[in-house]
Protein chains: 2
Amino acid sequence: MKIPDRTVERVILYRRRLRTLHAAGQVRIYSHELAGVEGVTPAQVRRDLMTIGYTGSPAKGYEVAGLIAKIDETLNPHQDEGVVLVGVGRLGKAFLAYFAGQANHLPVVAAFDVDPEKAGRLVHGCRCHGLDELETVLAERSVRVAFLTVPGDAAQEVADRLVRAGIRGLVNLAPIRLRVPPEVYVEYLDITVSLEKVAFFARRDARAAARSS
Amino acid sequence: MKIPDRTVERVILYRRRLRTLHAAGQVRIYSHELAGVEGVTPAQVRRDLMTIGYTGSPAKGYEVAGLIAKIDETLNPHQDEGVVLVGVGRLGKAFLAYFAGQANHLPVVAAFDVDPEKAGRLVHGCRCHGLDELETVLAERSVRVAFLTVPGDAAQEVADRLVRAGIRGLVNLAPIRLRVPPEVYVEYLDITVSLEKVAFFARRDARAAARSS
DNA sequence: GGCATACTGTGAATGTATTCACAGCGTGAT
DNA sequence: ATCACGCTGTGAATACATTCACAGTATGCC
C-alpha cells in the first residue's frame, strides 16, 4: 500500500490532534471536526482515512482511540525508532532541548559534533559524541533517521558519511540541497527559503494557508 | 502574474545557487546545470524561468547576473522588508544568531518575548521588546512578516495579535496549525511532523528527495 | 417498527504540477 | 557561407492531488 507524501503529513497532524482529544476524553469524531481544526476539507479527511484503511460509521463518525491505533500501526509498525542529531551548535542544542521535553516515540539516542570538546558531555539529557564515533554508534543502535543541524558548508560531507553508515532518512536544517542516493529520503527545513517565500506571499492576497512541513 | 507556491520555492533556491556561482565568476548557465544542483529536472527549470518571464538563449543558456536580477525583481520588488521574531527562547535565540550571521535582505528588526526580563536587551544584535510593545513597534516599522518561535500553547494567541497588528505573512515553528484569515500566508516548519514523516519514508524505498520548505 | 437525518465511502470530475517531445534558433566549426 | 549541434521555449500529454456529489447506511426519534 503506497501512501502519498501529502497524506502522510496530514495523517500525522490528525494523530497529534486526536491524542489531545483522546486525553480530554473525546470518544468519537466526525470528519468535519477534524478538518476544521487542521485546516483541510472534510472530504480530504475522509479520503485520507480511506487511504490508510480506516473505516468510520455514518451517524457515529470515527472512533478516536481506534483511529489513533490505526495511524500508529500504519506509520510506526515497528517499535520506537532512535534518531541521532548531528551538529550540536546553537540550533542543535535548541532542538535537543525541545525533544527532551517530549515523550516522543522517536527518541534522540545520541548527538554528534566536530568539536571534540563536546564529546562525552550530556546536552539536555543527550549524550554527545565526537564525529569520529559516528559509524560505531549508528551501527550499535541501528539508527536509520538523522537530524542534521551542521553549518551549510559541512552538510554534504556529513550527509555522505551518514548515508554510508546506513541512514535512510534525513531532516536537513542546513541551507543547501543534499545529493543523496534515491533510497534515502530527505526532508528540508530551510529557514531562509521559508522566510523569503512568506515575504513574497505576504504581499499577495494569499489563498488560505495549506502547505506545511 | 500568478506564480505557484512550488515555483516560488524553487526560484528562491535557484537564486541562492546563482549568487554563489556569480561570486565565483560564472557568467552563463544551462538549465541542466542548475537542475542538477537543485535536484529538479531541466524541463522544470525552464518552465520555472518561463513562469517568471526570463528568457535565455539557445547555445548560450541563461545569463547568471541577469537571471539573479530578474528573480530579485520578481520576488522582492520593493526595498528590503523588515521582519520580527516573537519568542526569544532557546529556539528564537538560535534563529536570531543564525540571521545575524547573514547579510539578508530580510533583516530582523525586532524581537519580542513575554518575559519582561528580556525587554531592552540586545540578543545577537537584535533589540528585544516586551510583548506589550508589539503593536507599537510593528506599526512604527510597518512590518508585514513575522517569525513565530513561541511555545505551542501561546502560538494561536500571539498569531491573533500579530494579525490584528497588520502582519500578512507568518513562519510558524510552533507545533500547531494556526487559524488565520485567508489573506495571511502561513508557512509551517513543524519539526516533529517532519521527523515523523522522515521516519515513515525511511522505511520505504523512497523516491528521490523532492519536497522541501 | 418505520422514518428522517446526517453522516461515511467513493467514483467521477476537476484542478494543479510535472514531464515529454519537438520545432526553432543562435553559435561555432569548417 | 553553410552546416550540424545542442540548447531554449512551449503546446500537449501525463501524473498527481483535491473536491464534488451522491448512493448507502447506521442511528435515534416518534
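If you're wondering where the values come from, they're calculated on a predicted model, not measured in any experiment. Residue numbers start from 1 in every chain, and the chains themselves are labelled A, B, ... in the order their sequence lines are given, proteins ahead of strands.
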*Which part of the nucleic acid does B:T55 contact within heavy-atom distance under 4.0 Å: base, sugar-phosphate only, or nothing?*
sugar-phosphate
*What's the CE-P distance between A:M50 and C:dG9, to the nearest Å?*
9 Å
*asked:* How many whole angstroms separate atom CZ of B:R10 from atom P of C:dT19?
replied: 8 Å
*Establish, with yes or no, whether the OP1 or OP2 oxygen of C:dA17 is under 4.0 angstrom from a side-chain nitrogen or oxygen of B:Q44.*
no
_Under the ring-ring contact (aromatic ring centres under 6.0 Å, His included) definition, can you give me all pairs with a residue in residues 136-177 of chain B, not counting sequence neighbours?_
B:F95-B:F147, B:F99-B:F147
*Under the ring-ring contact (aromatic ring centres under 6.0 Å, His included) rule, what pairs show up with a residue in residues 33-69 of chain A, not counting sequence neighbours?*
none
_Atom pair distance, as rounded to whole Å: CG in B:L34 and P in D:dT8_ = 10 Å
Atom pairs, N/O to N/O, protein against nucleotides 12-14 of chain C, distance under 3.5 Å?
| from | atom 1 | to | atom 2 | distance (Å) |
| --- | --- | --- | --- | --- |
| C:dA12 | N6 | A:R47 | NH2 | 3.3 |

*Residue met sooner reading DNA chain D from 5', once A:T41 and B:L49 are mapped to nucleotides*: B:L49
Protein and nucleotides 4-7 of chain C: nitrogen or oxygen contacts under 3.5 angstrom:
none

*B:K2 NZ to C:dG15 P: how many Å, rounded?*
13 Å
*Between atom CD in A:E63 and atom C1' in C:dT8, what is the gap in whole Å?*
14 Å
*Indicate yes or no: does A:E38 engage A:R16 in a salt bridge with an N to O separation below 4.0 Å.*
no
Donor-acceptor pairs under 3.5 Å, side chain of residues 152-162 of chain A to any protein atom, not counting sequence neighbours: which ones?
| from | atom 1 | to | atom 2 | distance (Å) |
| --- | --- | --- | --- | --- |
| A:Q156 | OE1 | A:R179 | N | 2.9 |
| A:Q156 | NE2 | A:D160 | OD1 | 2.8 |
| A:Q156 | NE2 | A:R179 | O | 3.1 |
| A:R161 | NE | A:E135 | OE2 | 3.0 |
| A:R161 | NH2 | A:L131 | O | 2.9 |
| A:R161 | NH2 | A:E135 | OE1 | 2.9 |
| A:R161 | NH2 | A:E135 | OE2 | 3.4 |

*asked:* According to ring-ring contact (aromatic ring centres under 6.0 Å, His included), does anything in residues 14-48 of chain B pair up with another residue at least two apart or in another chain? List the pairs.
replied: B:Y30-B:H32
*Considering residues at least two apart in sequence or located in another chain, which fulfil the ring-ring contact (aromatic ring centres under 6.0 Å, His included) criterion with B:H129?*
B:F112
*Residues that A:F200 engages under ring-ring contact (aromatic ring centres under 6.0 Å, His included), provided they are two or more places apart*: none
*Does any donor atom in the side chain of B:E81 or B:H105 lie under 3.5 Å from an acceptor atom in the other side chain?*
no
*For B:I29 and D:dT8, give me the distance from atom CD1 to atom C1', rounded to whole Å.*
14 Å
*Between atom NZ in A:K70 and atom P in C:dG9, what is the gap in whole Å?*
12 Å
*Between C:dA17 atom P and B:I3 atom CD1, what is the distance in whole Å?*
12 Å
*All pairs passing side chain to side chain donor-acceptor pair (under 3.5 Å) where residues 85-100 of chain B contributes a residue, at least two apart*: none
